[in-house]
Amino acid sequence: MPGRLIIASNRTAVPGEPRAGGLAVALSDALEERGGGVWFGWSGETLVRETRGVRIFADNKIDFALADLTEDEYEGYYLGYANRALWPVFHYRIDLAHFSDGDFEAYESVNRRFGRLLTQLTRKDDTVWVHDYHFLLMGQEMRASGWDGPMGFFLHIPFPAPEVFTSLPQHQRLARGLCSFDLVGFQTERDTANFTRYLVETFDAEILDDGRISVFDRIVRPQTFSIGVDPDDLADLSVGDEATSAAKRLGRIIDQRALVIGVDRMDYSKGLPQRMQAFGRMLDENEAFRGHVSFLQIAPPSREGVDAYQNLREQLDQLAGQINADYADLDWMPIRYLARGYSRGTLTGLYRLARVGLVTPLYDGMNLVAKEFVAAQDPEDPGVLILSEFAGAAEQLRDAILVNPHDISAVSDSIRTALTMPLDERRDRWRLLNEKVREKDISWWRNTFLEELEKTRSDY
Ligand code: ADQ
């Protein structure tokens, strides 16, 4: 009988915080199903000097274990190395990356401190599951402080091509860190292949018959586990009270016009300026649509402490203003751009109201919005998904209209195609997309990862 599950992620889903996303629910379920466990992460608080140890909040069967950051750690580890170096490089934006030795030292030191704290919370027979790019070195630090049980890692963002990953001055150090885990999960086959090729080319790693890799005198298994959503929950939510009332409120304003929707964190990886330009281009070139289509973009600001995010905000404000100034009329606004978040219930209602879902990131690990949009549709009258070929979700959702998000005129054409798509074709495409969304849902993701990780226990 395995012991508890121990999860580490930068932020947790500690009760009382507004973070009821699908991932939070999935991981809480995993802890509960296991009969209990620990969810470790940053408390969200920064202190002038580090004075407190881990604080535990027990909630039912889950112990939330929260540690603070000092202001310097927040600056160097979180804003600096994680979000000014790793995030841009892993999303192919070396041009936006800022490499600072000091930031890396802060990143390393937080991974070390958190790794030690987490090791102290573990018991023999536990299983450890670490999440995302904030904690690439945590496994190695846990091994160094004595944890020798099963330990898996899942990367939520893309793993870039080796030619891009090696632009990080500390790439070798990061790779060693990752290889301290027994199982390293990626979103897509492309990510898994990139990681494998990097290890082979850089360290002469050997690929074993069963796909595991022998490197740094140990064995690691890289494997693809595409993250999913909870389609039943989303379908229920999309016809619930909150969804219906949101759809009614917006429906009154847009009247009978077709709705095109985009929902993203405000992040330069999401291709928001290009998307607005494409919508503007569609209006330039199609007089017939002017006055008849409304584009709703919901994009709450994130990581406002990083310059690139402030620049993006200015760019979007300007673009939306310009397109509206060019085309708006007394009773019609082409772009409705809301820089705030909405509840899941409200979002599902808006997805269901929309004729077109525009999901056009320049690069994205998976993109759950694409899957949420599909799950929330009315099967009898579904909307059309336009999806970037650079979103991880495009590996599965081949029946969307796939686009190159950099190609403004192709995206503009695809919006026109989606708006005029006959009902039969919309239904056919949606049925195939929905099958894919249901085939690998959030439970599949969690269960297959944990099953694979349990198999490594026999190696101990
Ligand atoms: P994100 O970059 O945040 O996640 P995404 O997967 O699209 O990208 O969204 C995460 C969640 O946030 C979704 O559940 C979505 O509904 C919600 N959300 C987005 N915009 C919102 C808004 N305006 N208001 C309210 N909620 C909003 C990272 C990776 C992704 C990967 C996920 C999960 O970058 O590639 O799919 O982790 O692994």
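Just so you know, ligand 1 is whichever comes first in the structure, and atom 1 is the first atom listed for that ligand. FYI, side chains are in, hydrogens and waters are out, and symmetry mates aren't considered; it's all heavy atoms of this structure. Computed from a predicted model, the values in this text were never measured in an experiment.
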For [X], the ligand 1 atoms whose distance to one of its heavy atoms is below 4.0 Å:
X	answer
Ile227	38 (O)
Val369	7 (O), 15 (C)
Gly365	35 (O)
Gly341	24 (N)
Val263	20 (N), 21 (C), 22 (C), 23 (N)
Lys270	1 (P), 2 (O), 7 (O), 8 (O)

Is the shortest N/O to N/O distance between [X] and ligand 1 below 3.5 Å?
X	result
Arg344	no
Ala299	no
Glu372	yes
Met366	yes
Leu368	yes

Under 4.0 Å, heavy-atom basis, I'd like to know which part of Asn367 is in contact with ligand 1: side chain, backbone, both or neither.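 For Asn367, backbone and side-chain atoms both sit under 4.0 Å from ligand 1.
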Asp264, portion touching ligand 1 at heavy-atom distance under 4.0 Å: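 Within the 4.0 Å criterion, Asp264 contacts ligand 1 through backbone atoms alone.
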From Pro300, Ala339, Ala26 - option closest to atom 22 (C) of ligand 1 by heavy atom: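 When every heavy atom of Pro300, Ala339, Ala26 is considered, Pro300 comes closest to atom 22 (C) of ligand 1.
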Which is closest to atom 2 (O) of ligand 1 in terms of heavy atoms, Arg265, Gln187, His91?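 Of the listed residues, Arg265 has the closest heavy atom.
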Taking 4.0 angstrom as the limit, do [X] and [Y] come out as a salt bridge?
X	Y	answer
Arg190	Asp364	no
Glu454	Arg34	yes
Glu395	Lys436	no

Just by distance, with hydrogens left out, do Glu189 and Thr224 show a side-chain donor and acceptor under 3.5 Å apart?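 Thr224 and Glu189 do have a side-chain donor-acceptor pair below 3.5 Å.
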Decide if atom [atom1] of [X] counts as having more than 12 heavy atoms of other residues, nucleotides or ligands within a radius under 6.0 Å.
X	atom1	answer
Met421	CE	yes
Asp241	CG	no
Arg249	CZ	no

Work out which heavy atom in Thr192 is nearest to a heavy atom in Gln223; give both atom names and the distance.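 Looks like OG1-C, 3.8 Å.
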I need the minimum non-hydrogen distance between Ile62 and Ser28, along with the two atoms involved.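 Residues Ile62 and Ser28, closest heavy atoms: CD1-O, 3.8 Å.
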Are Trp87 and ligand 1 in contact, using a heavy-atom cut-off of under 4.0 Å?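 Yes; Trp87 lies near enough to ligand 1 that a heavy-atom distance drops under 4.0 Å.
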Measure from NZ or CZ of Arg446 to the centre of the six-membered ring of Phe449, then state whether that distance is under 6.0 Å and the direction lies within 45° of the axis.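 Judged by the rule (NZ or CZ under 6.0 Å from the ring centre, within 45° of its axis), Arg446 is not positioned above Phe449.
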